Amino acid sequence: MSTQTEIPESVSAVTGKPKSVKLELSEEEADMIQTLLNDYVLAYRSDRSVDYKPEPVPREKVGQYPYVATAPAPEIINPSYDWINKKWYSKNGTQSLPVIAENVADLSRKSAEQDQVALANGQQTQMITQQLGVQTKQSQEILQVMGQLQKAVAILANGNQAQTTAPTQPTTDNKQTSNAETTNGGKN
């Protein structure tokens with residue numbers, strides 16, 4: 001007994017309609033194909049010689065070395081299966097795309113934080129410079145006042161020296177003398 005099977009192709013003809021191929025299979029061939037479809041599944045081979053390869057595998061072998069049931073995530077670059085930790089990883093040492101994206105985001109965030117710290121440091125430096133300018137100006141003003149005070153003290157000191165070097169005449173106080181005479185009883 002013969003069975004006809006149509007297999008549509010994904011390539012469309014010039015008219016825009018998909019092409020289909022008709023296969024004439026014997027019942028035995030159709031049963032064999034059905035058995036293959038029922039007993040085999042697509043698994044992913046990963047071992048020492050092959051990093052990653054999709055292959056049809058008997059159902060009972062899936063999940064056992066070297067056939068993995070789940071495909072690697074599409075963002076993993078050059079996938080290979082880690083049979084000890086039961087997960088796919090990137091064999092060429094690069095990280096998966098989400099991890100790389102996360103690292104880039106972390107670096108961007110840290111860079112922004114450092115920019116903020118640098119900006120704050122710049123502002124603090126500017127404030128300190130302004131404070132130093134104010135203090136320098138105040139110090140100069142204090143030095144000017146001190147200089148003026150030194151001049152004034154020097155003038156005053158020179159004025160006192162002029163008075164002490166000028167000849168002075170002794171003063172006689174008649175009242176003291178007359179009191180002395182009265183106190184001593186006029187005996188001198």
Side-chain angles (χ1 to χ4, degrees), residues 42-54 62-188:
L42 187 64
Y44 305 93
R45 181 176 171 191
S46 183
D47 57 20
R48 291 182 187 185
S49 61
V50 177
D51 293 334
Y52 165 75
K53 181 181 178 188
V62 174
Q64 297 174 6
Y65 183 81
Y67 301 108
V68 183
T70 58
E75 61 267 3
I76 296 178
I77 303 166
N78 192 17
S80 187
Y81 195 73
D82 180 354
W83 284 95
I84 295 171
N85 296 315
K86 305 285 184 198
K87 66 179 184 174
W88 288 99
Y89 69 97
S90 179
K91 186 164 183 173
N92 63 356
T94 60
Q95 300 168 336
S96 66
L97 293 177
V99 172
I100 292 171
E102 184 178 324
N103 288 343
V104 168
D106 286 345
L107 289 173
S108 296
R109 187 179 66 251
K110 288 178 182 177
S111 176
E113 289 172 1
Q114 288 179 346
D115 289 346
Q116 289 176 348
V117 168
L119 179 63
N121 286 342
Q123 290 172 344
Q124 285 179 337
T125 302
Q126 187 177 11
M127 286 176 38
I128 290 170
T129 304
Q130 288 174 348
Q131 286 290 347
L132 285 174
V134 168
Q135 287 179 350
T136 302
K137 186 177 178 183
Q138 288 174 345
S139 295
Q140 289 172 347
E141 290 172 355
I142 290 172
L143 288 175
Q144 286 177 348
V145 170
M146 291 290 287
Q148 291 171 354
L149 284 174
Q150 284 177 343
K151 287 179 185 177
V153 167
I155 290 171
L156 288 174
N158 285 338
N160 282 341
Q161 279 182 348
Q163 288 178 357
T164 54
T165 56
T168 57
Q169 294 180 356
T171 57
T172 54
D173 194 359
N174 290 337
K175 290 184 179 181
Q176 287 179 350
T177 310
S178 61
N179 284 341
E181 288 175 16
T182 37
T183 355
N184 288 337
K187 303 176 187 177
N188 272 5

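Since the model is a prediction, treat every value here as computed from it, not as a measurement. Computed over heavy atoms, backbone and side chain alike; hydrogens, waters and symmetry mates excluded.
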Side-chain donor or acceptor of Thr125 paired with backbone N/O of Asn121 under 3.5 Å: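 Yes, the answer is positive, given that a donor and an acceptor are paired below the 3.5 Å cut-off.
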
query: Would a distance-only check, ignoring hydrogens and angles, find a side-chain to backbone donor-acceptor pair under 3.5 Å from Ser46 to Ser80?
result: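 No; zero donor-acceptor contacts below 3.5 Å.
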
Any idea which heavy atoms bring [X] and [Y] closest together, and the distance?
{"X": "Pro79", "Y": "Trp88", "answer": "CB-CE3, 3.9 Å"}
{"X": "Pro72", "Y": "Tyr52", "answer": "CD-CE1, 3.3 Å"}
{"X": "Val68", "Y": "Val62", "answer": "C-CG1, 4.5 Å"}

From [atom1] ([X]) to [atom2] ([Y]), nearest 0.5 Å:
{"X": "Ser111", "Y": "Gln116", "atom1": "OG", "atom2": "CD", "answer": "10.0 Å"}
{"X": "Tyr81", "Y": "Lys86", "atom1": "OH", "atom2": "NZ", "answer": "5.5 Å"}
{"X": "Lys110", "Y": "Gln114", "atom1": "NZ", "atom2": "CD", "answer": "9.0 Å"}
{"X": "Asp106", "Y": "Glu113", "atom1": "CG", "atom2": "CD", "answer": "9.5 Å"}
{"X": "Leu149", "Y": "Lys151", "atom1": "CG", "atom2": "NZ", "answer": "11.0 Å"}
{"X": "Leu119", "Y": "Gln123", "atom1": "CG", "atom2": "CD", "answer": "4.5 Å"}

query: What do the steps show when you test Trp83 against Tyr65 for side-chain contact (heavy atoms from CB on, under 4.5 Å), and what is the final call?
result: CA-CA 8 Å; Trp83 284 95; Tyr65 183 81; 3.6 Å; yes

- prompt: So Glu141 and Val145, side-chain contact (heavy atoms from CB on, under 4.5 Å) or not? Walk me through it.
  reply: CA-CA 6 Å; Glu141 290 172 355; Val145 170; 5.6 Å; no

Of Gln138, Gln130, Lys137, the residue whose pairing with Val134 passes side chain to side chain contact (heavy atoms under 4.5 Å, CB included):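 Passing option: Gln138.
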
